[in-house]
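Reviewing the structure listed below.
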2 protein chains.
Amino acid sequence: MIYLDHAATTPVREEVRAAMAPTLEQTFGNPSSGHAAGRAARALVDEARDRLAGVLNCRPREIVFTGGGSEADNLALRGVMTREGAVGRHLVISAVEHEAVLETARDLSARGFEVSILPVDSSGLVDPADLARALRRDTALVSVMMANNEVGTIQPLAELLELTRSHSDALFHTDATQALGKLSLDMGALGVDLLTISAHKVYGPKGVGALFVRQGTRLDAQITGGGQERTRRSGTENVPGIVGLGMAAMLAERERELEMARLGSLSQRLTQEILRELPEARPTGAEPPRRLPNFCTIAFPGIEGELLLLRLDRAGVLASAGSACASGSQAPSHVMLAMGLSPELAAAHLRLTLGRSTTEDEVDQTAAIVAREVRALRERSPVQGNPLGTKPT
Amino acid sequence: MIYLDHAATTPVREEVRAAMAPTLEQTFGNPSSGHAAGRAARALVDEARDRLAGVLNCRPREIVFTGGGSEADNLALRGVMTREGAVGRHLVISAVEHEAVLETARDLSARGFEVSILPVDSSGLVDPADLARALRRDTALVSVMMANNEVGTIQPLAELLELTRSHSDALFHTDATQALGKLSLDMGALGVDLLTISAHKVYGPKGVGALFVRQGTRLDAQITGGGQERTRRSGTENVPGIVGLGMAAMLAERERELEMARLGSLSQRLTQEILRELPEARPTGAEPPRRLPNFCTIAFPGIEGELLLLRLDRAGVLASAGSACASGSQAPSHVMLAMGLSPELAAAHLRLTLGRSTTEDEVDQTAAIVAREVRALRERSPVQGNPLGTKPT
């Protein structure tokens, strides 16, 4: 099995499992309990917070642990937009945001908030001039992701943030779920107010994420109760998950530069080999360095992507069309459409995302298998360009 | 170490750890991925959902997995009260709800919703007549917990539900976080619309819970995004947590009757032994069968509860004053005050909650240690009734 869907999720690495193990055995206390068992659990949560603060170069108290990246995105958007006493009711997002931002913006829009959606160019990039035009006196929040989850395009965050600061009083949130472990997330250098991360994209466990909330940033809790996480997210702490996130993020950051150099070469090799075999294939997204090093995304004109994925799966290559997060959706990807791909080409898209287990040998095998399966699908196609006549229009 | 704080949290039991292990190793896929790795993870989530549905005697699709009990409570309250097109803006809760319900009701109240809070008697019970008086034409939701987390009092849920049905169109939610594994949670017999449970109270992992949502019940998602959990709770599924919850709930239900009979005798023995040594001690809460069998709660007039807990901790007995969930709070417990205890007596409260590891020997040792430490504190007390003069007034 060749797993090339690391943007969907990653296996928990051994060091993370080892760090989590005590929390599932002897260190089982509730961190809110004052006794010995509680204090031992609290110490592990504190240590994990310190580790994550080290990765983000922020204060430990600026970290809010959540049940995952989607919850963190929701907390950022809902927490800022619906906070008591807020005046601005205008939200700006990009057209290629993850569903956790996009759908939340839609929900807020249905509840009377105003949302502006920034277009992207054919490589998925937001034009800062579009943000400058969108910003208003009552803009409360701008949310533009750091790197896209379907094509890996890295947004010009520094420019977008500078514009936001100079043109408005809005806060700035970025979803860095795909960026953690791939790009530097130095909160001192980056300057954003809010940033989302998730553990399971960096060899940590599912069910845990975090929102960085810059000191002084006001946002309303979306889960209220016992007052955990300095009242910003109530509920007994997910000690195993938090410990796993702390360890996974620390290791990902430590290995980041070397590993990204390695994956950058491998993904380039993969793209080149596929293009050599299938010259008509169309790479999507941006060129390096504006693309995450572990992303290889490519569209095959005239091919039904879902069928290609099925054949690859049977051949032992695990990949995806785009996001795994829009579960069961048959609609063409909003990211592809925003980049100007036709619905047909959007449905012919393959996302291969590399990770720690990926080897040169896997890359070479994958290129050969992809070429073979694309050719096999073409040979079956009665009509070039719309092989099965089953695409939604 | 004698752990008598099972209402705060429980250790993960071995069978649960064993069930979770594959999800942290080979079965690491994203359940939303269509390929082999995704399908394997999806199968585990489905199996866990089926197991939990078996425990609750409900349809698998009526279960929404969440990041814990607090999130489930928030989803029930916010999801019903703020749903689009809702007419009723009136919410009824009891005065002894968990903070996840109480604080959420407060937050809703601050946002323009109307909240009625039902009083309780000295044993912590809601009087159905009070509910009958509180219900209004615009009552959208009644939320009364099944069993209290500080004193274990079991509410007359059947009567409260019947009144709600006959007097209003309101939905009925119950927080059954403490009840799971102790009382029967048959959704056919119980008839509630919404019910909250949590894994870490029944020897499952922290960071995962569930909300039962009866088919046809409309509530708005509080975490939007990729549309997981039938759009009611987005975010990549916490596969390890969900698998752990399914296994933990199944085992808890299977062992429930025998284990509760055992713990009922042990807690009765513990109470009797403490009272024999300290006749002035005042048991709190209700008598069996209106009390959870694993709860032994008792107040020691004239004693500073926090000091007692410290001494017990040093002596190896891990207990609590009431809830672990109101972390770091110095205020007297809202539950004790609602039951009519004076702030002094509320601050002299000890909660001993028994569990799977509890033995008769531990119970006897604990009674002796509690008696010894209470006496030691009394001997230090310069003034009977207000020993240290440090209680907040």
Side-chain angles (χ1 to χ4, degrees), chain A residues 1 3 5 8-12 17 20 24-25 28-30 32-38 67-71 73-74 84 98-100 103-104 107 110-111 200 205-208 222-228 234-241 309 313 318-320 323-329, chain B residues 1 3 5 8-12 17 20 24-25 28-30 32-38 66-71 73-74 84 98-100 103-104 107 110-111 200 205-208 222-228 234-241 309 313 318-320 323-327 329:
Chain A
M1 184 180 104
Y3 186 75
D5 203 7
T9 195
T10 56
V12 177
R17 267 204 308 279
M20 291 170 71
L24 296 168
E25 302 185 17
F28 68 87
N30 186 324
S32 296
S33 296
H35 51 56
S70 290
E71 186 194 322
D73 281 343
N74 273 259
E84 288 180 80
H98 185 274
E99 285 81 1
E103 290 298 321
T104 303
D107 188 57
R111 291 169 194 276
H200 78 100
K206 293 173 181 59
V208 63
Q222 299 300 295
I223 302 178
T224 46
Q228 288 87 348
S234 287
T236 296
E237 293 87 346
N238 176 358
V239 184
L309 288 175
D313 185 16
L318 276 50
S320 71
S323 165
C325 298
S327 51
S329 168
Chain B
M1 184 179 104
Y3 186 75
D5 203 9
T9 196
T10 56
V12 178
R17 265 203 309 277
M20 290 170 71
L24 296 169
E25 301 184 19
F28 67 87
N30 186 324
S32 296
S33 295
H35 51 58
T66 67
S70 291
E71 187 194 322
D73 281 343
N74 273 260
E84 287 181 80
H98 185 273
E99 284 81 2
E103 290 298 321
T104 304
D107 187 58
R111 291 169 194 276
H200 78 100
K206 293 172 181 59
V208 63
Q222 299 300 296
I223 301 179
T224 46
Q228 287 88 350
S234 288
T236 296
E237 293 87 345
N238 176 358
V239 183
L309 289 174
D313 186 16
L318 276 49
S320 71
S323 165
C325 299
S327 51
S329 169

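Chain letters run A, B, ... following the sequence lines, proteins first and then strands; every chain starts at 1.
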Which of A/Gly241, A/Ala36, A/Gly67, A/Gly34 touches chain B most, by non-hydrogen pairs under 4.5 Å: A/Ala36
Looking at B/Ile223, B/Thr104, B/Val239, which one has more heavy-atom pairs under 4.5 Å with chain A than the rest? B/Ile223
Using side-chain heavy atoms (C-beta onward) and a distance below 4.5 Å, is [X] in contact with [Y]?
X        : Y       : answer
A/Ser33  : B/Asp5  : yes
A/Glu25  : B/Arg17 : yes
B/Phe28  : A/Val12 : no
A/His200 : B/Asn30 : yes

Examine whether an atom of [X] lies under 4.5 Å from a heavy atom of chain A, and if so say whether it belongs to the side chain, the backbone or both; otherwise answer neither.
X        : result
B/Thr66  : neither
B/Leu309 : neither
B/Glu71  : both
B/Ala110 : both
B/Pro240 : side chain

Least distance between heavy atoms, A/Thr9 atom then B/Gly29 atom: CG2-C, 3.6 Å
Closest heavy-atom contact between A/Asp313 and B/His35? OD2-CA, 3.4 Å
Within this structure, what is the CD-OG distance for the pair B/Glu99 and A/Ser234, rounded to the nearest 0.5 Å? 8.5 Å
Atom pair NZ (B/Lys206) and OG1 (A/Thr236), whose distance is rounded to the nearest 0.5 Å: 7.5 Å
Criterion side chain to side chain donor-acceptor pair (under 3.5 Å) against A/Thr224, the qualifying member of B/Asp73, B/Asp107, B/Asn74: B/Asn74
Determine yes or no for a side-chain-to-main-chain donor-acceptor pair under 3.5 angstrom, with A/Asn238 supplying the side chain and B/Val208 the backbone. no
